[in-house]
Colleague: 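Structure below; questions to follow.
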Amino acid sequence: MITKTISASNKAAQTYRKVAIAACFGTFLEWYDFLTFATLAVTFGPLFFPSHDPASGLLASLATFGVGMIVRPVGAAIFGSLGDRIGRRPVFMITIVLMGVATVCVGFLPTHSQIGIWAPILLVSLRLLQGLSAGGEIGGSAVYLTEHAGEKHRGFQTSFLQLMGPLGILASTLQIALLQHWLSPEEFQSWGWRVPFWISLVLLLLGFKARLALEETPVFLNLIKDGNQINNPLRENLKDRATLKKMFVIFFCVSSGGAILFFCTQVYTTIFLKTSTQLPAYLADNISIYATLSLMPFTIFSGWLSDKVGRKPVVLGGLILGALCIIPAFHIIRGNPGTIYIIAILIGLSGILALVVGPQTALLAELFPAKSRSSAAALPHNLAAGWIGGLLPLIVTWLNQQWPDSLAGLWYPTLFLGTAAIIAAIFLPETKGKNLNH
C-alpha cells in the first residue's frame with residue numbers, strides 16, 4: 001500500500017513538472033516576444049515612422065507598443081471566456097501560436113522605405129495581435145497551472161510562473177545588447193534588429209510541441225462531466241455582485257499593486273539612476289540586472305510563505321511596505337550613497353514586489369468559481385497590467401514635469417499602494433487551501 005502511494009505521488013509530481021515547464025516556457029515566450037518590441041522601439045522609429053523630427057518617430061513607435069498594452073483586456077475578455085467554454089488547453093494553444101506567428105512576421109516586415117504607409121499599418125496590426133494574445137495568455141496560464149497544482153503547496157508550485165516576466169526581460173535585453181556589440185550600427189539597423197524576431201520561430205516550435213503534450217485540467221474535465229459550463233461566463237461574472245467585487249479587488253489591489261511595484265522597482269529605477277543619480281548608463285543597467293535577478297528567489301520564497309501563513313497577509317505586507325518604502329528608498333538613491341548601498345536598496349524593493357507577485361498566480365484562480373474562473377481572473381488582471389501599469393510611466397513623468405522634483409511622480413504609486421492596502425485589508429478574502437472544483 002505504501003509503495004503504491006509513493007508511486008502515485010511520484011507520478012503526480014512528474015506530471016505537474018511537465019505541465020509547469022510547458023506552461024512557464026510558453027509564458028516566457030509571450031513575455032520575450034512582447035518585450036522585444038519595447039526594447040527595439042528606438043530602432044523602429046526611423047524604419048517604420050520616418051520623420052524630419054526624430055522625437056516624432058520615437059513617439060509613434062512607443063505609441064505602437066502602447067497599443068499592445070491597451071488591447072490586452074480585449075484579449076483577456078475573448079480568450080478568458082473561451083477558456084471557460086471550450087477548455088483551458090485549447091486556448092493555451094491558440095494564444096502561443098498567435099503570439100509566435102505575429103512576432104515572427106515582424107521580423108520579415110518590409111520597412112517604410114520599401115512599401116510606404118503599409119509598413120506602419122502592418123506593424124501596428126501585428127502589435128494588436130500580440131496584445132490580444134498576451135491578454136489571453138497572462139491570466140489564463142495562471143488558471144491552467146493552478147488547477148494542475150496540488151492543494152498543499154499551491155502557492156510555491158505556481159510562483160515559478162511569475163519568474164517568466166523577469167526572464168523575458170533579461171533574455172530580450174541581453175540578446176539585443178549582444179547583437180549591437182557584434183554588429184556595426186549600420187548592420188544592426190539594416191537587418192540585425194530582425195534576428196530576435198526570427199529566433200521566435202524556434203521558440204514557438206519548441207513551445208508548441210511542449211504544449212501539444214499537455215492535458216486538460218482536472219477541474220475543467222469535472223465541469224464537463226457535471227454539465228456545469230456556462231455559455232457566456234463574462235456576462236455572468238459582471239451580473240454576479242460577489243464575483244464582480246472580487247474582480248475589483250484583483251484589479252485594484254493584487255494586479256495593479258503588482259504592476260505598480262514592478263514598474264517602480266524594475267523599470268523606473270534604471271531611468272532614475274541615469275537621470276537623477278547621474279550614474280553612467282552601463283553601471284545603471286548592471287545594477288538593475290542585480291535587482292531583477294534577486295526578484296526570482298524572493299518570488300519563490302513568497303509563494304512558499306503564502307502556503308504557510310496565507311495569501312492575504314503576504315500580499316497585504318507587500319502593499320503596505322511598498323507604500324511606506326518607495327519614496328524614502330528613491331530619496332536615498334538620489335543622494336548616490338555608493339554602488340553597494342544602491343544595489344542593497346534595489347534588492348530590498350525587489351523583495352517587496354515579490355510579496356505581491358509570489359502568491360498572485362494561485363490567488364487569481366482561487367478567488368473565483370471553476371465555471372467562470374478563466375474569464376473572471378484574466379480580465380481584471382490584464383486591465384490592471386495594461387492600463388494601470390502601462391500608463392504609470394506617463395503619469396509619473398507628467399507629475400515630475402509639473403513639480404520640478406524627481407520624487408514628485410512617485411507620490412502617485414505611493415498613494416495608490418496605500419489605498420490598495422486599505423481595500424485589501426477589508427475586502428481581500430483568504431483563499432489558501434480552497435477546493436478549486438467549486
Colleague: About how many Å separate CG of L47 and CZ of R194, when rounded to the nearest 0.5 Å?
Modeller: 8.0 Å
Colleague: For residues F208 and V97, determine if any side-chain heavy atom of one lies less than 4.5 Å from a side-chain heavy atom of the other.
Modeller: yes
Colleague: Output all residues satisfying ring-ring contact (aromatic ring centres under 6.0 Å, His included) with F248, sequence neighbours left out; order by chain, then residue number.
Modeller: F252
Colleague: Which heavy-atom pair separates A76 from A378 by the least distance, and what is that distance?
Modeller: CB-O, 3.4 Å
Colleague: Apply the test side chain to side chain donor-acceptor pair (under 3.5 Å) to residues Q157 and R154: give CA-CA distance (whole Å), side-chain angles for both, the deciding distance (0.1 Å), then the verdict.
Modeller: CA-CA 5 Å; Q157 289 181 320; R154 191 182 292 153; over 6 Å; no
Colleague: Answer yes when R311 and E430 have at least one side-chain N-carboxylate O distance shorter than 4.0 Å, and no when they do not.
Modeller: no
Colleague: Atom OG of S372 and atom CG of D240: how far apart are they, to the nearest 0.5 Å?
Modeller: 7.5 Å
Colleague: Are the side chain of Q162 and the backbone N or O of S159 linked by a donor-acceptor pair below 3.5 Å?
Modeller: no
Colleague: Check the pair K432 / E366 against salt bridge (charged side-chain N to carboxylate O under 4.0 Å, His left out), numbers first and verdict last.
Modeller: CA-CA 8 Å; K432 180 174 76 81; E366 291 170 340; over 6 Å; no
Colleague: Only one of L346, I347, I345 clears side chain to side chain contact (heavy atoms under 4.5 Å, CB included) with I343; which?
Modeller: I347
Colleague: When you look at CH2 of W118, are more than 12 heavy atoms from neighbouring residues, nucleotides or ligands closer to it than 6.0 Å?
Modeller: no
Colleague: If the test is side chain to side chain contact (heavy atoms under 4.5 Å, CB included), which one of L283, N336, I287 qualifies with L273?
Modeller: I287
Colleague: Taking atom CZ as the centre, does F156 end up with more than 12 heavy-atom neighbours from other residues, nucleotides or ligands that are less than 6.0 angstrom away?
Modeller: no
Colleague: Is V195 close to W191 at the side-chain level, that is, under 4.5 Å between some pair of heavy atoms?
Modeller: yes
Colleague: Would you check, one step at a time, whether the test side chain to side chain contact (heavy atoms under 4.5 Å, CB included) holds for I342 with T269?
Modeller: CA-CA 10 Å; I342 293 175; T269 47; over 6 Å; no
Colleague: Applying side chain to side chain contact (heavy atoms under 4.5 Å, CB included) to Y341 and I332, what does each step give before you reach the verdict?
Modeller: CA-CA 9 Å; Y341 291 102; I332 297 172; over 6 Å; no
Colleague: Does the side chain of L367 reach to within under 4.5 Å of the side chain of I250, using non-hydrogen atoms?
Modeller: yes
Colleague: Mind checking whether I300 and L163 have side chains closer than 4.5 Å, heavy atoms only?
Modeller: yes
Colleague: Strictly distance-based, threshold 3.5 Å: is any side-chain N or O of T146 a donor or acceptor partner for the main-chain N or O of T361?
Modeller: yes
Colleague: Rounded to the nearest 0.5 Å, what separation is found between the OG atom of S306 and the NZ atom of K312?
Modeller: 14.5 Å
Colleague: Below 4.0 angstrom, N of the basic side chain to O of the carboxylate: do R373 and E147 qualify?
Modeller: yes
Colleague: For the CD1 atom of I388 and the CZ atom of F416, what is their distance to the nearest 0.5 Å?
Modeller: 4.5 Å
Colleague: I need the minimum non-hydrogen distance between F251 and P380, along with the two atoms involved.
Modeller: CD1-O, 3.6 Å
Colleague: Is it the case that over 12 heavy atoms from other parts of the model lie below 6.0 angstrom from the OH atom of Y412?
Modeller: yes
Colleague: Out of the candidates L363, V357, L319, L364, only one should pair with V254 under the side chain to side chain contact (heavy atoms under 4.5 Å, CB included) rule; please name it.
Modeller: L363
Colleague: Kindly give the heavy-atom pair with the smallest separation between V143 and A377, and that separation in Å.
Modeller: CG2-CB, 4.1 Å
Colleague: Working to the nearest 0.5 angstrom, can you tell me the gap between L98 CG and S133 OG?
Modeller: 4.5 Å
Colleague: Hey, what's the ring geometry for W198 with F108, parallel, tilted or perpendicular (30° and 60° as the breaks)?
Modeller: tilted
Colleague: Could you walk me through whether M296 and L170 pass side chain to side chain contact (heavy atoms under 4.5 Å, CB included), step by step?
Modeller: CA-CA 12 Å; M296 298 179 188; L170 289 174; 3.7 Å; yes
Colleague: Shortest non-hydrogen contact from P233 to S375?
Modeller: CB-OG, 3.6 Å
Colleague: Is the closest side-chain heavy-atom distance between V91 and S374 below 4.5 Å?
Modeller: no
Colleague: Rounded to the nearest 0.5 Å, what separates atom CG in L321 from atom CG in L349?
Modeller: 10.0 Å
Colleague: Tell me the closest heavy-atom pair linking D84 and A370, and the distance in Å.
Modeller: OD1-O, 4.0 Å
Colleague: What closest approach, in Å, do L316 and A424 show between heavy atoms, and which atom pair accounts for it?
Modeller: CD1-CB, 4.1 Å
Colleague: Under the 3.5 angstrom rule, does the side chain of S190 hit a backbone N or O of E186 as a donor-acceptor pair?
Modeller: no
Colleague: Using only heavy-atom distances, determine whether the side chains of Q266 and S350 contain a donor-acceptor pair under 3.5 Å.
Modeller: yes
Colleague: Give the C-alpha distance, both sets of side-chain angles, the deciding distance and a yes or no for side chain to side chain contact (heavy atoms under 4.5 Å, CB included) between I176 and F188.
Modeller: CA-CA 10 Å; I176 292 170; F188 185 82; 4.0 Å; yes
Colleague: Hey, does L261 have a side-chain heavy atom less than 4.5 Å from the side chain of I326?
Modeller: yes
Colleague: Verify, without hydrogens or angle tests, whether S184 (side chain) and E187 (backbone) share a donor-acceptor contact under 3.5 angstrom.
Modeller: yes
Colleague: Does a side-chain heavy-atom distance below 4.5 Å link Y268 with V396?
Modeller: yes
Colleague: Are any of the side-chain heavy atoms of F272 and R334 separated by less than 4.5 Å?
Modeller: yes
Colleague: Would you say S294's side chain and A291's backbone share a donor-acceptor pair under 3.5 angstrom?
Modeller: yes
Colleague: Got more than 12 heavy atoms from elsewhere within 6.0 Å of NE2, H112?
Modeller: yes
Colleague: Between T158 and Q360, is a side chain to side chain donor-acceptor pair (under 3.5 Å) present by the stated rule, with each step listed?
Modeller: CA-CA 9 Å; T158 59; Q360 190 180 85; over 6 Å; no
